[in-house]
Protein chains: 2
Amino acid sequence: MGFSVIGKATPKRDGIEKVTGHTQFLHDLALPRLAHGAILRTSYPHARVRRIDTSAAEALPGVVAVITADRVEQHPFGFAKDHLALKGAAADGGKVRCIRDEVAAVAALTEEIAQEAVRRIRVEYEELPAVFDPESALRPDAPLVHEERGSNLVNLRYQFTHGDVDSALARADVVVEGEYRLNYVSTTCLGTMVAIAAWNPPAGPDASLTMWSTTQVPFLYQRDLAEALGISGDRVRVIQPPVGGNFGRGLDLYPIDIIAALLARHAGRPVKIAFERIEEFIASPTREPCRIHLRTAADREGRLLGRDARVLIDNGAYVSWGSTTPYVMLSTTAGLYRVPAVRFDTTIVYTNNPYSGSMRGYGNLESTFAIEAQMDDLAERLGIDRVEIRRRNATRPGDVNPQGNVITSCAMTECLDAVAREVRPAMLPAPRPGWRRGVGYAAMFHVGGGARVYRSDGCGAILKLDDFGKVSLLTGASEIGQGSDTVLAMIVAEELGVPLARVDVINHDTAVKPWDVGVHASRTTFIAGNAALLAARALRGKLLALAASVMDEREPDLELTGGRVQVKGHPERGMEYERVVRAGHFREGGRTLVAEAFYDPPNEMLSKDLRGNVSATYGFAAQAVVVEVSEATGQVRALKVVSAHDVGRALNPPAAEGQIHGGIHMGLGYALSEELRIENGRVLNPQLMEYALLSAADMPDIVVHLIETVDEAGPFGAKGLGESGVIPVAAAVANAVKDAVGVRLTELPMTPERVFRALAARP
Amino acid sequence: MGFSVIGKATPKRDGIEKVTGHTQFLHDLALPRLAHGAILRTSYPHARVRRIDTSAAEALPGVVAVITADRVEQHPFGFAKDHLALKGAAADGGKVRCIRDEVAAVAALTEEIAQEAVRRIRVEYEELPAVFDPESALRPDAPLVHEERGSNLVNLRYQFTHGDVDSALARADVVVEGEYRLNYVSTTCLGTMVAIAAWNPPAGPDASLTMWSTTQVPFLYQRDLAEALGISGDRVRVIQPPVGGNFGRGLDLYPIDIIAALLARHAGRPVKIAFERIEEFIASPTREPCRIHLRTAADREGRLLGRDARVLIDNGAYVSWGSTTPYVMLSTTAGLYRVPAVRFDTTIVYTNNPYSGSMRGYGNLESTFAIEAQMDDLAERLGIDRVEIRRRNATRPGDVNPQGNVITSCAMTECLDAVAREVRPAMLPAPRPGWRRGVGYAAMFHVGGGARVYRSDGCGAILKLDDFGKVSLLTGASEIGQGSDTVLAMIVAEELGVPLARVDVINHDTAVKPWDVGVHASRTTFIAGNAALLAARALRGKLLALAASVMDEREPDLELTGGRVQVKGHPERGMEYERVVRAGHFREGGRTLVAEAFYDPPNEMLSKDLRGNVSATYGFAAQAVVVEVSEATGQVRALKVVSAHDVGRALNPPAAEGQIHGGIHMGLGYALSEELRIENGRVLNPQLMEYALLSAADMPDIVVHLIETVDEAGPFGAKGLGESGVIPVAAAVANAVKDAVGVRLTELPMTPERVFRALAARP
């Protein structure tokens with residue numbers, strides 16, 4: 001099948017605009033009479049608010065609204081509805097539960113006045129004993145984060161059993177065991193969180209709310225924000241201007257959104273809250289910290305017999321979507337490599353630490369880190385080549401894994417082979433003096449065809465064709481920098497048979513775009529792509545029917561290709577498609593063409609026992625990382641990352657590679673340098689100078705292999721890819737460090753200090 | 001038929017936002033890296049540009065682009081393609097032709113710098129002899145405005161003949177004759193013209209253009225702007241933020257739009273041009289000045305036998321859409337009152353005056369002024385009551401007029417009766433000492449069901465229903481303050497059977513909204529309303545089909561009313577429609593609902609001999625104006641205006657009345673005070689202090705009668721209304737002045753000076 005657009009390297013549509021400074025980001029937006037909001041956060045991670053004196057703030061000229069919990073109507077929100085945007089209300093026990101907690105907010109004519117007003121608010125606290133780790137929080141005498149719940153145990157537990165794990169452990173030739181500790185990291189989006197709220201009319205009980213937001217799930221946000229404000233969902237409109245990154249940060253509703261709306265209602269004018277960098281580090285979601293206790297059993301051939309995983313999660317003060325990452329941890333535990341018996345259990349615990357949220361990879365990095373460490377450990381114990389043991393256990397097409405995931409297309413083995421070929425040690429230069437060279441491997445399993453987490457996993461698409469052949473795709477999908485605008489336009493152009501430049505993508509306004517779950521689970525290309533494809537097919541049908549009448553030909557004889565409608569086999573009997581459009585428009589009974597589709601994939605929600613074919617297809621990848629480790633300092637340098645991905649089909653190869661490059665950058669930071677250090681509930685390093693993001697100069701050579709299995713359910717065969725680059729990196733780096741210097745790091749990041757200590761502890 | 005929404009007084013949706021200062025008007029918009037543009041206009045109304053020295057402008061820090069005709073690629077635009085945005089190009093003869101003409105433009109970092117740079121541009125002109133009135137322009141030795149055309153006669157002539165006019169004039173019992181002079185007036189929108197242009201990418205031959213514009217015909221603008229720039233139409237996207245008035249100003253493409261786009265291309269960044277008030281008076285379109293020579297013949301019963309009209313139009317330097325106003329002048333001449341024989345002819349002449357454009361009423365005010373003067377003159381000559389003579393000649397349902405307009409619903413007689421009842425002299429208080437009281441009448445005939453001026457007179461509508469029952473109407477229609485958002489939402493709410501607050505209207509972006517001709521010919525409620533109605537009907541059908549499956553009922557048994565889907569006759573067997581939507585969405589094979597429609601009315605384009613049923617229905621009205629005239633000063637005060645309108649059905653009565661009130665304000669200004677004074681091609685009074693808009697204190701009592709004929713083709717029976725309030729005012733005022741003091745004013749406005757002179761000239 002020859003494609004015109006699909007598979008061709010296509011620049012990102014928003015690229016030039018962004019690099020030349022023309023993009024109007026959410027940060028750049030202003031509205032008439034806009035006021036600026038600022039938030040006062042608690043001084044203590046656990047305290048009772050005794051009194052809030054806002055009089056000095058209110059007296060400041062230019063202040064237009066000051067709100068506290070007792071002055072607003074707010075409703076619990078969040079995954080477990082355990083959270084109020086403004087804390088300190090009598091009804092809420094007057095409590096703050098973590099250092100992020102919001103106790104008051106101000107709107108003023110300028111940001112500076114708002115900040116000054118916040119500084120003038122006086123709060124009297126009664127500090128309370130606090131808990132900052134899950135074990136302490138589970139002790140019988142531990143202070144309770146939410147007293148009314150009677151326990152710090154979060155009412156969420158992910159338990160899964162398949163096969164006889166105990167028997168597998170008992171009869172195994174080898175069992176490896178370890179505990180792995182994963183710490184806080186921040187998405188560190190270059191564009192901080194922003195919320196702009198405007199009510200129309202500006203006051204009154206029947207006003208409707210428009211939010212300009214960093215959300216990446218606009219329709220869920222619409223629902224959740226309405227609930228938090230106690231209004232019906234039809235009164236919330238969500239607009240998504242370009243954002244500077246998201247990476248899962250936009251999956252939850254946050255206090256910033258609710259507070260912006262409350263301030264706007266009180267001020268009687270629009271209000272904008274934009275986090276500064278320090279506030280972003282303190283108050284934006286992180287990856288959820290956890291400890292994974294894992295045992296893996298294998299026979300002497302290295303074939304896996306069983307896995308037993310227990311995960312302990314520090315939930316922080318409130319339950320967010322991040323608390324559901326065990327869904328994906330389980331998926332990896334049961335699905336990364338063939339494993340006949342699996343047991344999985346979680347303990348999720350409230351503490352007075354900041355709560356986490358969603359972040360790219362969503363639990364998969366954590367469990368892959370544990371699982372791939374044990375694949376190497378097994379290989380070492382059994383004396384089997386590390387790639388070979390993975391090959392022997394690789395998932396293959398036709399497999400149905402313990403959770404009931406039905407594997408259709410699958411190039412896991414090919415991915416492993418590709419990375420192994422690329423890093424053959426003979427091809428590598430010798431290490432520098434004082435440094436030791438090592439290679440590590442890790443594979444990846446992730447959803448690739450949506451993930452039915454909600455009752456609908458669908459997306460809508462509307463296509464409108466204008467007199468000049470311009471096609472507007474109104475898609476439910478959200479562009480958060482991942483390149484979806486470009487790939488969706490490519491899908492439409494290919495399916496219609498029109499030039500790519502003729503396709504516009506509109507996706508930023510819930511009043512305009514059809515429904516979509518949002519950007520998560522690497523689903524946009526697959527789900528929104530299928531919706532766009534179906535709409536394009538419908539539009540092509542309407543256009544060919546019109547052309548048959550305009551051209552006086554039989555419809556089945558016609559095709560639309562290269563922007564022309566023509567008789568198959570007789571290209572001379574054809575005309576430009578935009579002329580067909582105009583002929584259909586400018587005649588008696590004329591009309592313009594619109595088509596639409598809604599695609600909901602054939603996947604299942606997990607049952608109560610966590611079984612089900614949750615995705616319409618699955619993605620696979622393997623990575624090899626070459627590192628050098630300094631035995632003198634413990635420093636680890638990544639020299640090369642080889643990343644092979646079963647992408648189904650690479651619709652826009654450089655965009656696919658770009659996603660993988662970005663993932664590798666994020667994964668290396670997770671592996672080597674990034675940690676949001678939280679002690680006694682406080683963030684110690686909330687600045688870019690102190691939070692060690694890797695720079696361009698830190699990046700290794702990257703080689704990407706895109707392996708095309710042409711998935712039968714994907715649009716032109718494509719599968720999801722957005723998260724797969726980041727997932728195996730830390731695991732592969734840890735295995736490379738072990739290969740280089742013989743020490744097994746079980747905690748991230750592998751800073752020089754941690755590596756040095758591990759080296760010093762070598763027997 | 002009981003309505004839930006239709007016919008109920010409904011506040012304008014944009015009202016509160018506008019009066020509280022929250023509306024983001026086009027003027028308020030900014031973009032990242034936005035530059036500000038300014039235009040240098042000619043110093044002479046007719047001259048040859050010898051040399052333009054822009055060096056001092058270019059040297060000014062902050063200037064980012066300076067363009068002249070010789071530095072840009074531009075293509076002729078305008079109705080006759082006789083116009084280039086920037087004048088002075090060698091290829092164009094290097095000429096400027098009127099005082100509005102643009103010779104250079106600058107973009108700079110601030111408006112102030114741009115203005116200063118424009119002042120620093122030095123232009124050498126060779127002044128040319130000029131012509132400032134049509135008669136002079138037609139003399140054989142007259143200077144030619146466009147030399148290459150060989151004559152100042154514009155190549156547009158509107159000739160129409162029906163019946164034997166000469167015979168009618170010969171056999172008539174009475175013939176009245178007069179010449180009527182209509183002068184320049186300005187739309188005087190409170191929001192001046194603005195154009196913002198942004199190319200993406202900011203430079204390069206393949207860039208696409210986004211325009212934020214005051215246009216009211218976005219899809220024609222898209223086409224015309226593309227042509228003027230030499231790019232294909234699919235590369236132009238038009239966004240229409242709220243504007244402060246338009247009144248026809250937005251019907252043409254203007255140099256401001258093209259120059260903004262050219263500057264943006266040269267600057268490599270977005271450019272905004274916003275007219276200041278003086279520039280708005282000089283460079284925005286006016287009503288086209290004309291002289292109408294009219295003869296009317298009648299029998300002794302006052303029955304019309306024939307009319308003979310000759311119209312001489314000062315076209316100014318370029319042909320705009322305004323040059324086609326004779327279409328409507330003819331329509332009135334042949335269609336206002338029954339008249340069996342009609343002759344109509346025009347002479348349209350280039351001069352070195354500013355060119356005009358479209359303005360509310362579009363020629364109808366002018367011809368109604370002439371025709372209604374002669375209705376009074378006939379009544380006087382025949383001794384017939386002035387209302388009675390109109391009644392005898394009134395158009396009635398079933399008529400087919402000389403042009404072939406098919407009259408269906410028509411309450412012209414009822415309108416006359418209604419205004420006559422309301423102003424019975426006995427009901428009026430006595431005039432003040434020194435003032436004379438008079439009453440004048442005039443009727444009105446106008447298109448009320450679209451006007452097929454283009455090959456399509458259609459409009460599209462897309463409806464999208466969300467999980468909360470929110471309905472988004474994506475309509476082709478443009479809101480320019482006339483209230484279309486509100487009435488379109490009402491139509492959808494009524495037809496669907498859902499609460500009005502649940503309907504959003506989206507209408508500002510050509511990439512989103514379906515095609516529409518634009519706002520003209522009072523067509524939006526009728527055409528876009530019908531499109532919205534059809535889409536709502538389609539959506540209701542889909543929703544009921546879904547409900548049948550969700551509720552397990554037979555679809556024909558179901559109805560959607562008051563926001564509930566229920567079994568007819570069994571309201572207890574029902575559910576909220578948004579629950580049906582969610583049930584349909586959140587299930588296997590689920591989807592969300594979208595429907596669309598395109599409505600093109602059953603009307604005809606005029607044939608070459610100017611015959612055809614150009615509208616799907618027609619509007620009628622009558623007005624009575626009570627004035628007082630001071631014989632000492634010539635001052636005319638309007639005391640009361642009674643306005644009765646056949647509106648088909650008043651969908652939103654206060655909005656209909658509001659349109660009429662606004663029209664009366666504009667009509668009284670046209671009658672009494674407003675004149676853009678142009679002498680020797682120069683505008684003498686380009687300021688609000690000098691251009692005498694009527695203030696609120698000048699406004700008389702207004703009584704509006706909305707007469708409902710329930711037109712069979714209209715949405716819920718409605719007909720167009722946007723222009724009918726303004727059309728008869730000046731005619732009725734002139735007749736009232738005649739009634740009061742016995743002098744016939746034949747030129748507008750009827751300033752104290754003109755009235756005083758007429759009084760002084762009385763025999």
Side-chain angles (χ1 to χ4, degrees), chain A residues 16-17 20-25 28 30-33 198 200-202 206 208 219 222-223 226 232-237 268-270 454-456 458 460 462 464 466-470 472 474 501-502 504 506 509-515 578 585-592 594 596 598 600, chain B residues 16-17 20-25 28 30-33 198 200-202 206 208 219 222-223 226 232-237 268-270 454-456 458 460 462 464 466-470 472 474 501-502 504 506 509-515 578 585-592 594 596 598 600:
Chain A
I16 293 180
E17 204 175 74
T20 57
H22 285 88
T23 300
Q24 187 162 41
F25 286 99
D28 298 317
L31 295 171
R33 297 175 56 76
N200 186 18
D206 298 327
S208 284
F219 294 95
Q222 173 191 16
R223 182 195 64 188
S232 54
D234 62 291
R235 286 167 60 195
V236 177
R237 176 177 181 179
R269 53 167 89 203
Y454 309 90
R455 283 173 295 164
S456 174
I462 300 172
K464 173 180 90 75
D466 85 2
D467 285 353
F468 304 99
K470 188 71 163 185
S472 287
L474 316 187
R502 292 282 181 83
D504 267 354
I506 307 292
D509 183 349
T510 55
V512 169
K513 68 184 195 175
W515 196 86
E578 62 267 32
H585 181 192
F586 295 120
R587 65 173 182 179
E588 205 174 326
R591 60 162 307 149
T592 58
V594 173
E596 60 102 18
F598 190 87
D600 198 10
Chain B
I16 294 180
E17 203 175 74
T20 56
H22 286 88
T23 302
Q24 187 162 41
F25 286 99
D28 298 317
L31 295 171
R33 296 176 59 77
N200 185 19
D206 298 326
S208 284
F219 293 96
Q222 172 191 17
R223 180 195 66 190
S232 53
D234 62 292
R235 286 168 58 195
V236 177
R237 176 177 181 179
R269 54 166 89 202
Y454 309 90
R455 285 172 294 165
S456 173
I462 301 172
K464 173 180 89 74
D466 85 1
D467 285 353
F468 304 98
K470 189 71 165 183
S472 287
L474 316 186
R502 292 282 180 83
D504 268 353
I506 307 292
D509 183 349
T510 56
V512 169
K513 68 185 194 175
W515 196 84
E578 63 267 31
H585 181 191
F586 296 120
R587 64 174 183 179
E588 205 175 326
R591 58 162 308 149
T592 58
V594 174
E596 61 101 18
F598 191 87
D600 198 9

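In the text below, chain A, chain B and the rest are named by the order of the sequence lines, each starting its count at 1.
- Heavy-atom distances place both the backbone and the side chain of B/Gln24 under 4.5 Å from chain A.
- Heavy atoms closer than 4.5 Å to chain A are found nowhere in B/Ala198, neither backbone nor side chain.
- When only modelled atom types and interatomic distance are considered, B/Asp467 and A/Gln222 share no side-chain donor-acceptor pair under 3.5 Å.
- Between B/Val594 and A/Ile462, the closest side-chain pair of non-hydrogen atoms falls below 4.5 Å.
- Looking only at distances, no side-chain donor or acceptor of A/Ser472 sits under 3.5 Å from a matching main-chain atom of B/Val512.
- In terms of heavy-atom pairs under 4.5 angstrom with chain A, the leader among B/Gly590, B/Ala226, B/Gly458 is B/Gly590.
- In this structure, no portion of B/Ser232 lies under 4.5 Å from any heavy atom of chain A.
- B/Lys470 meets the salt bridge (charged side-chain N to carboxylate O under 4.0 Å, His left out) test with B/Asp504; sequence neighbours excluded.
- Here B/Ile506 is the residue among B/Ile506, B/Asp509, B/Asp600 with the most heavy-atom pairs under 4.5 Å with chain A.
- Taking 4.5 Å as the limit, every side-chain heavy atom of B/Pro32 sits out of range of all side-chain heavy atoms of A/Thr23.
- Every salt bridge (charged side-chain N to carboxylate O under 4.0 Å, His left out) that B/Glu578 has, sequence neighbours left out, goes to B/Arg502.
- With a 4.5 angstrom heavy-atom cutoff, B/Leu31 touches chain A via backbone and side-chain atoms both.
- Taking CZ from B/Phe468 and CZ from A/Arg235, the interatomic distance works out to 13.0 Å, rounded to the nearest 0.5 Å.
- Both tests do not hold together for B/Arg591 against A/Phe598: distance to the six-membered ring centre under 6.0 Å, angle to the ring axis within 45°.
- Within the 3.5 Å criterion, the main-chain N or O of B/Gly268 finds a donor-acceptor partner in the side chain of A/His22.
- For A/Arg237, the part lying near chain B is the side chain, with the backbone staying farther off; criterion is any non-hydrogen pair under 4.5 Å.
- No donor-acceptor pair under 3.5 Å is formed between the side chain of A/Lys464 and the backbone N or O of B/Trp515.
- Panel note: side chain A/Arg269, backbone B/Gly21; no donor-acceptor pair is recorded below 3.5 Å.
- At a 4.5 Å heavy-atom cutoff, the contact between A/Glu596 and chain B is made by side-chain atoms alone.
- Counting heavy-atom pairs under 4.5 Å between each of B/Pro514, B/Pro202, B/Gly589, B/Gly460 and chain A puts B/Pro202 at the top.
- You'll find the side chain of A/Leu474 reaches within 4.5 Å of the side chain of B/Leu474, heavy atoms only.
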